[in-house]
There are 2 protein chains.
Amino acid sequence: MARAATTSDVFNAIAEPQRRQILVLLRAGERPVTEVAQELGMTQPGASKHLRVLREVGLVRVRGAGKQRLYGLDARGLRPVHEWTGGFEQFWNESFDRLDAYVQELKQAQQEE
Amino acid sequence: MARAATTSDVFNAIAEPQRRQILVLLRAGERPVTEVAQELGMTQPGASKHLRVLREVGLVRVRGAGKQRLYGLDARGLRPVHEWTGGFEQFWNESFDRLDAYVQELKQAQQEE
DNA sequence: TTGTCATATTCCGATATCGGCATATGATTG
DNA sequence: CAATCATATGCCGATATCGGAATATGACAA
């Protein structure tokens, strides 16, 4: 088998740095593809493709505005990611100290050998 | 160019469902590879590979315990992800209502045509 | 040292990714 | 309708991924 599809999966969609940049940019408001490409220093087709992925996972919405198509943020899909990582909150404080303790114990044990 | 490396990037590391499962499992405590594989229904080499990636991005630590190697969680690397998504918190509430409003306006506009 | 259990690595095939370039499709205006 | 601007798609090459199977490496015990 091969790799998981980036489409239809928010975790994969935001694994791409450029796509994260796009999302951040869109926090400032809707923008047409060209402007996204320009502001982030990517090609128009490049931006278009990334926006397609973001649209497919539902992180972005489009609406036609005359000749243009305005892309806007729909951040609701990021919530599950936030919550998933939040499930580890207690572990990046308290619990890790224990692990650190283990490591120190090990170092000592090695020195005593 | 090709795809970004999953190694040395937490966002990519957690884009893999099985790796997320491993992290969740390890919240319950340290475990040897074999046990991880068994509890999650994957092969030993499979688990080993995923754990390698997680180790390389620093989400997991190993310590030798006799014949075994115990893998333990180091969730600190998840914090940036939590914070990054947290930067969109206001957008998955308030701000999206505006976008919804737009959509409704558009639907109306279309009906009036 | 040899055997045995635990884990890591290697090689492979199928596939999906991302970027670049050219081009097709779309919408609008004259 | 033709011209134009805006955007999307298609095709390509290079590469990395994931899973599977076999095998190598490691650690310990007898």
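What you are looking at is a predicted structure, and each value in this text was computed from that prediction instead of being measured. Quick note on labels: first sequence line is chain A, next is B, and so on, each numbered from 1.
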When the distance from [atom1] of [X] to [atom2] of [N] is rounded to whole Å, what number comes out?
{"X": "B/Asn12", "N": "D/dA16", "atom1": "CG", "atom2": "C1'", "value": "10 Å"}
{"X": "B/His50", "N": "C/dT9", "atom1": "NE2", "atom2": "P", "value": "15 Å"}
{"X": "B/Gln21", "N": "D/dG19", "atom1": "CD", "atom2": "C1'", "value": "15 Å"}

List the residues meeting side chain to side chain donor-acceptor pair (under 3.5 Å) with [X], not counting sequence neighbours, and say none if there are none.
{"X": "B/Glu39", "value": "B/Arg31"}
{"X": "B/Glu83", "value": "B/Arg79"}
{"X": "B/Arg69", "value": "none"}

Anything under 3.5 Å between a donor and an acceptor, one on a side chain of residues 40-49 of chain B, the other on a protein residue two or more places apart or in another chain? List them.
unit_1	atom_1	unit_2	atom_2	d
B/Thr43	OG1	B/Gly46	N	3.0

- Task: Could you check B/Arg19, B/Arg61, B/Glu16 and say which one makes a side chain to side chain contact (heavy atoms under 4.5 Å, CB included) with B/Leu54?
- Result: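 Testing B/Leu54 for a side chain to side chain contact (heavy atoms under 4.5 Å, CB included) against B/Arg19, B/Arg61, B/Glu16 leaves exactly one candidate, B/Arg19.
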- Message: Could you check whether any side-chain heavy atom of B/Arg63 comes within less than 4.5 Å of a side-chain heavy atom of B/Glu30, counting everything from C-beta outward?
- Response: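 In short, these two side chains touch, coming nearer than 4.5 Å.
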- Considering only heavy atoms from C-beta outward, does the side chain of B/Val62 approach that of B/Leu51 to under 4.5 Å?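 Contact flag for B/Val62/B/Leu51 side chains = no.
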- Counting primed atoms, P, OP1 and OP2 as sugar-phosphate and everything else as base, the B/S/- map of nucleotides 20-28 of chain C against protein heavy atoms under 4.0 Å is BBB----SS
- Query: Picking from D/dG19, D/dC18, C/dA8, which would you name as closest to the side chain of B/Arg19?
  - Reply: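 Output: D/dC18.
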- Close approaches to DNA chain D from residues 32-40 of chain A, in residue order (heavy atom, under 4.0 Å):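 Contacting residues: A/Pro32, A/Val33, A/Thr34.
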- Item | Residue-phosphate contact under 4.0 Å: B/Arg69 side-chain N/O, D/dG26 OP1/OP2 |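 So the side chain of B/Arg69 is outside the cut-off, no N or O lying under 4.0 Å from OP1 or OP2 of D/dG26.
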- Side-chain N,O (A/Tyr71) to OP1/OP2 (D/dA6) below 4.0 Å: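 Checking D/dA6 against A/Tyr71, no side-chain N or O comes under 4.0 Å of OP1 or OP2.
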- Task: Just jot down the ring pair (Phe, Tyr, Trp, His ring centres under 6.0 Å) partners of B/Phe88, sequence neighbours excluded, or say none.
- Result: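 Scan of B/Phe88 (ring pair (Phe, Tyr, Trp, His ring centres under 6.0 Å), adjacent residues dropped) gives B/Trp84.
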